[in-house]
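To keep things clear, I will list the structure first and then write my remarks on it.
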Protein chains: 2
Amino acid sequence: MPRAGLDAEVVTEAGATLADEIGIGQLSMSILATRLGVKTPSLYKHVDGLGALTHRIAVLGATEAGDAVEEAVRGRSGVEALAAATQALRGYVRRHPGRYAATTGARPTGDDDPLGPALARPIASLAVVLQDYGLEPDEEIHALRMVRSMVHGFATIEDTGGFQWAADVDESFTWMIDFLDHGLRGRHDLHLP
Amino acid sequence: MPRAGLDAEVVTEAGATLADEIGIGQLSMSILATRLGVKTPSLYKHVDGLGALTHRIAVLGATEAGDAVEEAVRGRSGVEALAAATQALRGYVRRHPGRYAATTGARPTGDDDPLGPALARPIASLAVVLQDYGLEPDEEIHALRMVRSMVHGFATIEDTGGFQWAADVDESFTWMIDFLDHGLRGRHDLHLP
DNA sequence: TGGGGTGGCTAATGCCATTAGCCTTAAGCT
DNA sequence: AGCTTAAGGCTAATGGCATTAGCCACCCCA
């Protein structure tokens, strides 16, 4: 009987893809094992149970999302950076809803857990984008939380099919970014002498 | 052996409360049965399984959230209505995270499913609030989606403990509402002759 | 060539959801 | 009051899942 050639990375990647297809909540060791052409207990040679698997998927998702945002922002500034960053995040959620869902709700288990830094990266990239607007220091955190909330909320509602009417969702998103940009630039002007 | 005095409402309410405590994902028929002092199969006399139970919790949550927003808005207008509505929604999520989580992801199963109207109510209330800003008709849907996304995103991030730094979360929320109000009023002025 | 670890497997346990079928209770009717 | 009946408990049984223990073949390397 030939080996299946699995390791922790392959299993995690396959689990992530499966989660994207059926939802992180439906992910099970047995379905994943079937998908990989292996019996369920074999997965335990590579991954420490379902909990550990979803944790790994969360790290993967956060890392990939961070990569996507960073790449989108590279070489841009101002509204363009804001639009690119938020669209990159939203696009990642659309392409990988299961991985993204794994990141929400996941909490680092300790100081050496790679999940902590991984989760921080997309947020940090957004923070950099917002610095272009020259906000007051105590406003930066509020603006960051706002943008995070907006993109996260929009993407998750979109993912669950929560937007009902026929109005174009893409258009709503760009309108929202425009709204943000205007408001943030207004604040900046507010603080000029 | 005396009867436990259960019916569908009591079971749903108890399930909702349990979901608020341990999370909708951890809700199980067996824990709920134990909580109600009854054996698991007895619950099936009142509720058609775990899926049906969470569906009922979703209807309950959406209805309660709708009530909360409607009451908050009553007698107010403008920013005050916007602040009251969004704070009411956020407050509901804080008080009843399990019920709210049940509403997200739940989809009506048919035209006679009470979930549809229940989910629509909080959104409709928000739409009414936004009408005070006298937006252009084609902008209304974008603004509504934006506000929904923002509040939903903020509340869910807050619920999962996603806001890290010590900065006051209440302050961020009121800052965000203020930002919205300014932007929305600005749009209105934009469209005056 | 001959270990030894790696990575499969089967078997077994225990929890959970769900269904079937029994039996008591309580409510209502005569 | 006594009888009937349905509602609402229960036990028993099934099947899916996660997880663990322990077995065994394969492959790499000495």
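Below, chain A is the first sequence line, B the second, and so on; all start at residue 1.
Using a 4.0 Å cut-off between a side-chain N of Lys or Arg and a carboxylate O of Asp or Glu, B/D132 and B/R185 do not qualify as a salt bridge. Taking 4.0 Å as the cut-off between side-chain N and carboxylate O, A/R94 and A/D170 count as a salt-bridged pair.
Among the nucleotides C/dA17, D/dA18, C/dC9, the one closest to any side-chain atom of A/S30 is D/dA18. The listed nucleotides are D/dA21, D/dG8, C/dA17; the one nearest the side chain of A/P41 is D/dA21. The side chain of B/Y44 lies closest to C/dA17 when the candidates are C/dG8, D/dA18, C/dA17. Picking from C/dC9, D/dC10, C/dG7 the nucleotide with the shortest atom distance to the side chain of A/V38 gives C/dC9. Checking C/dC22, D/dC17, C/dG7 against every side-chain atom of A/S28, the shortest atom distance belongs to D/dC17.
Under 4.0 angstrom from either OP1 or OP2 of C/dG7 there lies no side-chain N or O belonging to A/S42. For D/dA7, the OP1/OP2 oxygens have no side-chain nitrogen or oxygen of B/H46 closer than 4.0 Å.
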In residues 19-33 of chain B, what donor-acceptor pairs under 3.5 Å come from side-chain atoms, sequence neighbours left out?
| unit_1 | atom_1 | unit_2 | atom_2 | d |
| --- | --- | --- | --- | --- |
| B/D20 | OD1 | B/G98 | N | 2.9 |
| B/D20 | OD1 | B/R99 | N | 2.9 |
| B/D20 | OD2 | B/H96 | ND1 | 2.8 |
| B/D20 | OD2 | B/R99 | NE | 2.7 |
| B/E21 | OE1 | B/R35 | NH2 | 2.6 |
| B/S28 | OG | B/S30 | OG | 3.3 |
| B/S28 | OG | B/I31 | N | 3.1 |

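As a whole-Å value, the separation of B/D7 CG from D/dG8 P is 8 Å. Rounded to an integer number of Å, the gap from CG of B/L36 to C1' of D/dG8 is 14 Å. Regarding B/K39, its NZ atom lies at a distance of 11 Å from the P atom of D/dA12, rounded to whole Å. A straight line from CG of B/L6 to P of C/dT25 spans 17 Å, rounded to a whole angstrom. Between the CG atom of A/D48 and the P atom of D/dA18 there is a distance of 14 Å, rounded to whole Å. Atom pair B/L32:CG and C/dC16:C1' shows a separation of 14 Å (rounding to whole Å applied).
Where B/G37 and A/M29 meet DNA chain D, the nucleotide closest to each residue was compared, and B/G37 sits on the side nearer the 5' end. Both A/L50 and A/K45 lie near DNA chain D, and the one whose nearest nucleotide falls closer to the 5' end is A/L50.
Using a 4.0 Å heavy-atom distance criterion, A/G5 is classed as a sugar-phosphate-only contact.
Although no hydrogens or angles enter the test, the distance criterion places no donor-acceptor pair under 3.5 Å between the side chain of B/H55 and the main chain of B/G51.
By the 30° and 60° cut-offs, the orientation of the rings of B/H152 relative to B/Y100 is tilted.
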